[in-house]
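In each ligand, atom 1 is the first atom listed, and ligand 1 is the first ligand listed.
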Amino acid sequence: MICEAAVAKQFTTSEQELNGSGDESLDPLQEDKHEVVRGLVHKYRSRVLCLLTAECASYCRFCTRRRRVSDIEHGRISEGDIERWVEYLRNHPEISEVILSGGDPFVVSTDIFRLAVEKICSIPTIKVLRIGTRAPVSAPELVTDEKLDIIKSVKQPVYVGVHFEHPAELTDETIEALTRLRRSGATLYSQTVFLSGINDDYDTLYNLFTRLLEVGVRPYYIYRCDPVVGIGHFIVDPQKERHIMTELRKNLSGLACPTYVIDTPYGSGKIPVPLEFWDADVSYYRDFDGEPHNVVDR
Ligand code: SF4
């Protein structure tokens with residue numbers, strides 16, 4: 001596929017969004033159920049997700065959180081909400097890792113960004129800050145010097161997870177934003193989703209992961225697309241995904257090869273998929289709680 005079309009398809013509405021199936025859900029990862037304080041999702045014992053805003057610089061059509069990413073008013077986080085996050089984190093010392101996400105945390109004002117980062121990182125039990133973003137790709141100008149200075153001032157390690165789908169997204173402007181993030185002291189990793197007609201081929205992913213490593217981003221996860229209502233047309237045949245990942249594992253540098261996972265429905269873990277090196281029945285898997293799930297196919 002021509003690169004521009006592969007990038008555009010991520011953001012273009014399609015009539016196929018109206019075709020649902022019984023396996024789809026608005027919230028397959030059950031985040032709303034685990035939202036213990038407005039905007040704070042606590043699913044795993046030692047880490048939480050803080051949704052700083054419902055605004056995003058991207059509006060991907062396949063967004064797992066599309067039920068709330070477009071609901072900007074409802075998702076707007078206030079200073080009071082951040083105070084309540086801090087209170088919750090202080091009352092739960094078992095939480096050592098906070099992931100700021102959204103929407104996109106780089107969309108919010110410098111003041112809100114500073115307040116969230118500084119307040120959260122002032123808690124002694126918080127040892128790691130992560131920030132999930134696609135701003136370096138969609139709107140590199142949002143990676144401002146002011147926000148980089150805030151990251152630079154944090155004493156904990158800061159890991160910035162950048163969402164990439166296609167090597168054509170590595171423009172000069174994007175690489176420059178990534179370089180500035182690295183210079184602020186952040187460690188960069190990537191997250192990718194298998195998407196039909198966009199990146200479900202060996203060459204595209206080989207180029208993407210190789211280039212990411214070369215520009216200082218460690219490929220971390222590639223996900224099977226979540227079964228969200230309206231995005232079934234993006235879901236790839238699981239055997240095809242597994243074969244591509246097997247070939248990538250053979251040929252990529254180990255540092256460039258992300259872990260291929262299924263994010264379980266009901267929010268119970270990211271489960272690595274065994275590659276073709278193993279003779280395994282991959283039609284179902286067990287989540288972190290031992291519950292079996294069939295792989296959702298189209
Ligand atoms: S960048 Fe992430 S949060 Fe924003 S629309 Fe895309 S998938 Fe959703």
Closer than 4.0 angstrom, basic N to acidic O: yes or no for [X] and [Y]?
X	Y	answer
Glu31	Arg67	yes
Glu169	Arg134	yes
Glu97	Arg45	no
Glu247	Lys250	yes

Give me the ring orientation class for Tyr220 and Tyr189: parallel if the planes are under 30° apart, tilted from 30 to 60°, perpendicular past 60°.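 Aromatic pair Tyr220/Tyr189 classed perpendicular.
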Is there a donor-acceptor pair closer than 3.5 Å between any side-chain N or O of Gln156 and the backbone N or O of Ile126? yes
Out of all atoms in ligand 1, which are within 4.0 Å of some heavy atom of [X]? Include the element for each.
X	result
Ser58	1 (S)
Arg134	1 (S)
Tyr59	5 (S)

Using a 4.0 Å heavy-atom cut-off, which part of Cys56 comes near ligand 1: side chain, backbone, both, or neither?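 Only the side chain of Cys56 comes within reach of ligand 1.
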Heavy-atom distances under 4.0 Å decide this one: backbone, side chain, both or neither, for His163 against ligand 1? side chain
Of all the non-hydrogen atoms in the protein, which one sits nearest to [atom], and at what distance?
atom	result
atom 6 (Fe) of ligand 1	Cys60 SG, 2.3 Å
atom 3 (S) of ligand 1	Gly103 O, 3.8 Å
atom 8 (Fe) of ligand 1	Cys63 SG, 2.3 Å

Start with the C-alpha distance between Ile235 and Cys225, add both sets of side-chain angles, then the distance that settles side chain to side chain contact (heavy atoms under 4.5 Å, CB included), and finish with yes or no. CA-CA 6 Å; Ile235 295 179; Cys225 189; 3.9 Å; yes
Please determine whether any non-hydrogen atom of Arg65 lies less than 4.0 Å from an atom of ligand 1.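 For ligand 1, residue contact (heavy atoms, under 4.0 Å) with Arg65 is absent.
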